[in-house]
Amino acid sequence: MKNYSSFKQTFAALNNAETTCLAIVENYLSTISEKNAEINAFVEVFAEEALEKAKIIDQKISDGTAGQLAGMVIGVKDNICIKNHKLTASSKILDGFESLFNATVIEKLLAEDVIIIGRLNCDEFAMGSANENSVYGSVKNPHNLSKVPGGSSGGSAAAVASNFCLAALGSDTGGSIRQPAAFCGVVGLKPTYSRVSRYGLIAYSSSFDQIGPITNNVEDTSLILEVIAGKDKMDSTSSSKEVENYSLFNSETKSKKIAVVTECLENEKLDSEIRFSIEETIEKLKKNGHTVEMVSFPFLDQLVPTYYVLTTAEASSNLARFDGVHYGYRSKETSNLEETYTKSRTEGFGKEVQRRIMLGTFVLSAGYHEAYFTKAQQIRRVIQDATNEILKDFDFILTPTTPHTAFELGQKHKDPTVMYLEDIFTVQANLSGHPAISLPLFKHSNGMPFALQLLAKNFEEQKLLSFSNYLMEL
Ligand code: GLN
């Protein structure tokens, strides 16, 4: 059967009766059963349920009552609640846990007749940049099986790149949508903080976390954002700002002002081919009437440390609820409550999660609170202000998404600080709250895809997506 790589194609084929939802789901299921064992993107496939749902939606299509995303088949990162399905955040500590409710994003997508085909592998509690911190084992990069897919939404990016589903949901706290999207050659968007409800997303760091789409093209990302964005009474931080028609790409023709951060482009850690491709894109943009200027952002070195102090602090608090009593896994070797807490957490959390809980507890502790946590909050404000200052004069900030292409499995796992530096170009948008997208425009001579990132003003997703779509075709 023909593979459809965009919702537009799928929608047209369904409308011309060239195919059915049932045939589309069967096709994805057969690709999954052929290749998932190798890639390890899905941790659970909802085969029966997806087939049943497909039949219902085929009927709705023929009755003319189908929702706006009828026929779209998606995978969901395993840290987003799907009612009556297991949910583990790739952690042993949630072993056996089932969600009693749908996340708001899931409710909204189901209301538009999306078909959910399964749960996707990720780093444990979304902590990681390689999808190697998972109780289900590593995910492999579909472009080269010896390489990582990126993380933490590695399963989501690998699934879309492997054609296991049309689109996927991921979550992005410091780059977890954009970096795996870049490593796997697909599009990934982190919306403005508060644009999308976090209700039903397992909290890692609540003032950073955002859910967003991973897709084959910008249009599909826009269509999903249109549905999942908006005020939600279940998430008091969600914004009541009006949701725009993100898929109406209408402002791309006007000439834009784009800032390129000197410290990123001239960074010694940046792969020279990536730098060259970004420079070529800059030239292309200039030739097409856009203004591109180099600007300085002197806080590049502060981004990663600030991010890790604040997110581990929030994580140490958020993860306190996993205590061996309320959810999932409980150690069998205990004789009192204190021991139940300690042993369940020691046995249930992986090494990286334990490291972050300890680091977060340390930076919040009485003697160090001021020196680390308060200081990092102050630096976060400086970073926010400096980012807004650039965006006063420019429409977008352009950087590479990652300093290099996907690395070898196991390569960076030994030293956490080396792994943390992977996030150098992506964490800015989470610290400042701005929307940012990764666009898979390039292929390296080593055969791997890579991407550029565009960051826009708060709530200017419409402009960001329009321009991204234009740039993908330039
Ligand atoms: N790699 C980053 C981290 O390990 C980002 C994670 C994320 O965005 N969820 O924290």
Side-chain angles (χ1 to χ4, degrees), residues 76-80 89-91 120-134 138-139 148-157 168-184 188-193 196 198 201-214 303-316 318-319 349-360 363 376 380 401-404 406-407 411-413 415-438 453 455:
V76 176
K77 184 175 180 179
D78 193 28
N79 63 351
I80 299 173
S90 291
S91 182
L120 291 160
N121 204 340
C122 58
D123 280 298
E124 186 178 0
F125 287 103
M127 298 175 185
S129 309
N131 215 130
E132 294 180 296
N133 304 328
S134 165
S138 308
V139 177
V148 302
S152 64
S153 314
S156 303
L169 290 182
S171 65
D172 192 312
T173 306
S176 277
I177 289 176
R178 292 160 285 151
Q179 185 252 24
F183 279 7
C184 293
L189 171 76
K190 181 202 84 77
T192 309
Y193 181 78
V196 175
R198 290 178 292 113
L201 167 69
I202 296 182
Y204 157 19
S205 184
S206 311
S207 75
F208 291 73
D209 300 337
Q210 268 295 280
I211 296 172
I214 295 184
L303 292 173
V304 171
T306 308
Y307 168 82
Y308 277 93
V309 169
L310 294 175
T311 54
T312 55
E314 291 190 24
S316 72
N318 274 326
L319 271 60
F349 287 133
K351 228 169 128 186
E352 179 59 26
V353 174
Q354 293 191 17
R355 179 182 293 122
R356 294 195 191 196
I357 291 172
M358 286 190 282
L359 186 59
V363 300
R380 184 180 195 180
T401 307
T402 59
H404 43 71
F407 44 92
Q411 189 196 347
K412 297 192 189 235
H413 210 57
D415 184 348
T417 55
V418 172
M419 193 67 102
Y420 296 169
L421 282 171
E422 283 303 300
D423 307 327
I424 179 118
F425 300 143
T426 50
V427 291
Q428 181 178 0
N430 305 80
L431 283 158
S432 67
H434 293 101
I437 193 165
S438 178
Q453 172 180 248
L455 184 151

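Throughout, numbering of the chain's residues begins at 1 and tracks the sequence. In each ligand, atom 1 is the first atom listed, and ligand 1 is the first ligand listed.
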Sorted by chain and residue number, the residues with a non-hydrogen atom under 4.0 Å of ligand 1 are Ala126, Met127, Gly128, Ser129, Ser152, Asp172, Thr173, Gly174, Gly175, Ser176, Tyr204, Tyr307, Tyr308, Arg356, Asp423
Between Thr311 and Ser205, which heavy-atom pair has the shortest distance, and what is it?
CA-OG, 3.4 Å
Got a sec, which pairs hit salt bridge (charged side-chain N to carboxylate O under 4.0 Å, His left out) with one end in residues 168-183, sequence neighbours left out?
Asp172-Arg178
Shortest non-hydrogen contact between Ser152 and Ser171, atoms and distance:
OG-O, 4.5 Å
Over all atoms of both residues, closest heavy-atom pair of Pro191 and Val196:
CG-CG2, 3.8 Å
Minimum side-chain heavy-atom gap Met127-Leu319 below 4.5 Å:
yes
Counting the benzene-type ring for Trp, do Tyr420 and Tyr307 have ring centres under 6.0 Å apart?
no
